[in-house]
There are 2 protein chains.
Amino acid sequence: MDRTRSDVEVGGGVRRDSRAAKPSDNAPPVLAPLDGFVGFHLRLAQDASFRAFATRSGVRNLRPGRFAAMVVIHNNPGITPMALSRAIVRDKSTVTPLIQDLERQGLVQRVRSTVDRRSVQLSLTKDGEEILDQLLAHARKHDDKLDQIVGAEKPKLILLLRKIADTLS
Amino acid sequence: MDRTRSDVEVGGGVRRDSRAAKPSDNAPPVLAPLDGFVGFHLRLAQDASFRAFATRSGVRNLRPGRFAAMVVIHNNPGITPMALSRAIVRDKSTVTPLIQDLERQGLVQRVRSTVDRRSVQLSLTKDGEEILDQLLAHARKHDDKLDQIVGAEKPKLILLLRKIADTLS
DNA sequence: TATTGTTATACTCTATAACTATA
DNA sequence: TATAGTTATAGAGTATAACAATA
């Protein structure tokens, strides 16, 4: 990214930056018509939240799917890739390389099932559990920040978000 | 995607699907530790919302950035690619192909600035305005659905989301 | 026949860096 | 020197389709 500082208010009506307008800025962009859309603010908030989390955790070990996959495996040792793909709502062909990557890093273990020899049982290695702990620590700190922002409204916010996700899916 | 029906409750504590467990399902995945995180629910809600919108609008003309870019251009005729890139929070090198694509489809017009011959002034064509109208109609219908879901809490929800986006960025 | 998991392949979105043409 | 915009390139993340092994 080569942006210095946004000179645009994307979501609201207040200019964030009051430096003198340059020629190329003579029409300060506004997104007025999108401003009333829940979906639009959902996107901005999610985007900001994800970037902030990525920054905090050092970017490297994060990756959207990785974290969620590790949490699911941690909480469901022995889960199959198929079940995992349903849990994180991604295609099975997306899960395969994800798991291979985690295995290559020594974070996940794959064991052929003895009862159904087509399937594989996934579990976190000791290293995987440690890394997950670290990621969860980052996530908690990140969410503390979000807690400060939303304050006492947190339960209500989560309820609404869950309602949106459940109803639309 | 090859998923049939989720047999997993991702965000809450209630099973959505009560069919008999199959062998591969013997450890029904739960995401308990993520359940208290605002960021996690943000991601699920945004994901669900985006998918629903994409489905509604027929997928073709949608695309995340396209819509936002067209709205910004519509509201700021003559805006330069640089200013646009700041408005949609993407790198200028991301904006170039986006605009080229819109131009190829006859939706956006590029005119060399006469005052600063480095820069370009963007505007929507007649076709572009029509397409945008259609997209906005879809967006409105989509948001009506979201309105039904969040009801009277909508202003509060938008306020919270905006607060998150503003504070974290 | 149906399912699990892998592979091959492709598409979208995004960014960094290097370049040009201006300023 | 600095900025606007383009190009070349690369890397995530995702999906569809076809396949082998197994059920």
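Note that the structure is a prediction, hence the values are computed from the model and not measured. These values consider heavy atoms only, across backbone and side chains, with no hydrogens, waters or symmetry-generated copies. Every chain is numbered from 1 and lettered A, B, ... according to where its sequence line falls, protein lines coming before strand lines.
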Query raised in the report: With sequence neighbours left out, what residues match A:S113 under side chain to side chain contact (heavy atoms under 4.5 Å, CB included)?
Result: A:V115, A:D116, A:S119, A:Q121
Requested in this report: Please check if A:L84 and A:L135 belong to a single hydrophobic cluster, counting links between Ile, Leu, Val, Met, Phe, Trp and Tyr side chain heavy atoms closer than 4.5 Å.
Outcome: yes
Query raised in the report: Has B:T94 got a side-chain N or O lying under 4.0 Å from the OP1 or OP2 atom of C:dA15?
Result: yes
Report task. With sequence neighbours excluded, tell me which residues meet side chain to side chain donor-acceptor pair (under 3.5 Å) with A:E129. Result -> A:H74
Report task. Rounded to the nearest angstrom, tell me the gap between atom CD1 in B:I88 and atom C1' in C:dA15. Result -> 13 Å
Report task. Under the side chain to side chain donor-acceptor pair (under 3.5 Å) rule, collect the residues that match up with B:Q100, sequence neighbours excluded. Result -> none
Query - Whole-Å distance separating the CG atom of B:L102 from the P atom of C:dT12 - result: 13 Å
Report task. Please identify each residue that fulfils side chain to side chain donor-acceptor pair (under 3.5 Å) with A:K156, with sequence neighbours left out. Result -> none
Query raised in the report: In whole angstroms, how far is the C1' atom of D:dT7 from the CG atom of B:D101?
Result: 16 Å
Query raised in the report: If you look at every heavy atom in A:G39 and B:S49, which pair is closest and at what distance?
Result: CA-OG, 3.9 Å
Could you go over nucleotides 6-10 of chain C and give all protein N or O partners under 3.5 Å, atom names and distances?
unit_1: C:dT6; atom_1: OP1; unit_2: A:R110; atom_2: NH2; d: 2.7
unit_1: C:dT6; atom_1: OP2; unit_2: A:T96; atom_2: OG1; d: 3.1
unit_1: C:dT7; atom_1: OP2; unit_2: A:Q100; atom_2: NE2; d: 2.9

Please write out each protein N/O paired with an N/O of nucleotides 20-23 of chain D under 3.5 Å, distance rounded to 0.1 Å.
unit_1: D:dA23; atom_1: OP1; unit_2: A:R117; atom_2: N; d: 2.8

Report summary line: salt bridge (Lys or Arg N to Asp or Glu O under 4.0 Å) filter on B:D147, not counting sequence neighbours, yields B:K154
Query - Interatomic distance, A:D91 CG vs D:dA18 P [rounded to whole Å] - result: 14 Å
Report task. For B:R90 and D:dA12, give me the distance from atom CZ to atom C1', rounded to whole Å. Result -> 14 Å
**Report entry** Inter- and intrachain pairs under salt bridge (Lys or Arg N to Asp or Glu O under 4.0 Å), touching residues 68-77 of chain B, at least two apart
**Finding:** none
Query - Atom-pair distance (CZ on A:R86; C1' on C:dT3), nearest Å - result: 10 Å
Report summary line: Residues passing the side chain to side chain donor-acceptor pair (under 3.5 Å) test with A:R140, sequence neighbours excluded, are none
Query - Euclidean distance, atom CD of residue A:Q121 to atom C1' of C:dG5 [Å, nearest integer] - result: 14 Å
Query raised in the report: Could you state the CE-C1' distance from B:M82 to C:dA23, rounded to the nearest angstrom?
Result: 14 Å
